[in-house]
Undergrad: 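This is the structure I have questions about; it appears just below.
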Amino acid sequence: MRHVLHSADEATVHRITAHATAPGVWLKAFVPPETLQPWLTPGWHLAGGPGYLMSAPLPVAATRAPGPIPAGYRLNTWTRDGVTRALVRTADGVFAARGQVAVTGLAAVVDQVETDPAHQRRGLGHLVMHSLTAAATEQGATAGVLGATPEGRALYERTGWRVLAPLTSALRGPDPADT
């Protein structure tokens, strides 16, 4: 289960975290970590580090389009059950980068964008983002949203996205840092 609070306050967070007692429940709020932490009840911990809610008008400016697919890589995109996925692999099939986007009405939600550390700094993240936003635009989306890590934020800003708010996650269950 995942709770996403578009407007978080102490009473709401406390009520949710007091009643959600099963391990593995997530809570995401558009507040900084130092605001969310004291609102959590026992058994909850901050998870995933700081994040950002970001948005961009679609299509993203053509001046930000990537160059050709880097030599030695191939890009595959497909859509199934309303989700478009982009996957970049090396010529011998090794995972290099990926991401996905779902369009709902005029909005597109980009998710799970990642580049394997061994393949970073080659334009693959930019390639994935361009492929996903192009697919979303073709499906009628006029705006995109995503949740970003500090590392991802730099990529997204270079491709025309902007920060709207902080995004902090909390998880019910044992803190892996304590084990």
Side-chain angles (χ1 to χ4, degrees), residues 1-2 4 23-26 28 45-164 167-171 173-179:
M1 180 179 297
R2 185 175 298 201
V4 179
V25 175
W26 285 88
K28 294 180 178 270
H45 63 275
L46 297 181
Y52 309 93
L53 174 66
M54 299 185 75
S55 73
L58 299 181
V60 177
T63 57
R64 294 187 172 94
I69 298 172
Y73 293 96
R74 62 179 190 260
L75 168 69
N76 292 315
T77 59
W78 68 96
T79 301
R80 185 176 317 141
D81 297 327
V83 178
T84 299
R85 292 175 173 83
L87 177 63
V88 180
R89 293 188 182 272
T90 63
D92 57 353
V94 174
F95 168 79
R98 72 175 179 138
Q100 62 186 29
V101 65
V103 174
T104 175
L106 298 177
V109 180
V110 176
D111 190 32
Q112 297 183 3
V113 175
E114 70 170 310
T115 302
D116 183 272
H119 300 278
Q120 291 177 349
R121 308 284 179 254
R122 299 177 190 181
L124 301 179
H126 192 165
L127 175 65
V128 166
M129 286 299 295
H130 181 74
S131 297
L132 295 175
T133 58
T137 300
E138 289 173 10
Q139 295 173 48
T142 59
V145 296
L146 59 80
T149 62
E151 299 81 16
R153 177 182 174 174
L155 164 69
Y156 304 133
E157 286 180 330
R158 284 192 309 275
T159 60
W161 294 69
R162 64 183 177 92
V163 173
L164 295 179
L167 175 60
T168 303
S169 298
L171 179 62
D175 188 340
D178 294 339
T179 56

Undergrad: For Asp81, I'd like to know if atom CG has over 12 heavy atoms of other residues, nucleotides or ligands within 6.0 Å.
TA: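 No, CG of Asp81 has 12 or fewer neighbouring heavy atoms, counting only those of other groups under 6.0 Å.
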
Undergrad: What distance do Lys28 atom NZ and Leu53 atom CG have between them, rounded to the nearest 0.5 Å?
TA: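 Output value for this atom pair is 11.0 Å.
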
Undergrad: Rounded to the nearest 0.5 Å, what separation is found between the CG atom of Leu132 and the CD atom of Gln100?
TA: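 One gets 8.5 Å once the value is rounded to the nearest 0.5 Å.
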
Undergrad: With distance as the sole test, does His45 use its side chain to make a donor-acceptor pair with the main-chain N or O of Gly173 at under 3.5 Å?
TA: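 Indeed, once roles are kept as given, a pair shorter than 3.5 Å links the two residues.
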
Undergrad: Measuring from Tyr52:OH to Thr149:OG1, what's the distance to the nearest 0.5 Å?
TA: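 If I round to the nearest 0.5 Å, the distance is 8.5 Å.
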
Undergrad: Which heavy atom of Val128 sits nearest to which heavy atom of Ala86, and what is that distance?
TA: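 That would be CG1-CB, 4.2 Å.
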
Undergrad: Would you name the heavy atoms of Pro59 and Thr137 that are closest together and state the gap between them?
TA: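 Between these two residues, the closest heavy atoms are CA-OG1, 3.6 Å.
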
Undergrad: Any heavy-atom pair between the side chains of Thr142 and Pro57 that's under 4.5 Å?
TA: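 Of all side-chain heavy-atom pairs linking Thr142 with Pro57, none is under 4.5 Å.
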
Undergrad: Rounded to the nearest 0.5 Å, what separation is found between the CG atom of Leu127 and the CZ atom of Arg122?
TA: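 Going from CG on Leu127 over to CZ on Arg122, the span is 13.5 Å.
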
Undergrad: Are the side chain of Thr79 and the backbone of Gly82 linked by a donor-acceptor contact shorter than 3.5 Å?
TA: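 Not at all, since once roles are kept as given, no pair shorter than 3.5 Å links the two residues.
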
Undergrad: Among His126, Glu151, Arg98, Gln120, which one satisfies side-chain contact (heavy atoms from CB on, under 4.5 Å) with Thr115?
TA: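 Of the listed options, the one satisfying the test is Gln120.
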
Undergrad: Quick one: are the ring centres of His119 and Tyr73 less than 6.0 Å apart?
TA: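 Yes; Tyr73 has its ring centre under 6.0 Å from that of His119.
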
Undergrad: Using side-chain heavy atoms (C-beta onward) and a distance below 4.5 Å, is Val101 in contact with Val110?
TA: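 They are in side-chain contact.
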
Undergrad: What is the minimum heavy-atom distance between Leu167 and Gly147, and which atoms define it?
TA: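 Looking at all heavy atoms of both residues, the shortest contact is CD2-CA, 3.8 Å.
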
Undergrad: Under 3.5 Å, is there a donor-acceptor pair linking the side chains of Tyr156 and Arg162?
TA: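 No pair is found: no donor N or O on one side chain lies under 3.5 Å from an acceptor on the other.
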
Undergrad: Can you find a pair of side-chain heavy atoms, one from Arg85 and one from Asn76, that are under 4.5 Å apart?
TA: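 Side chain of Arg85 against side chain of Asn76, heavy atoms only: no contact under 4.5 Å found.
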
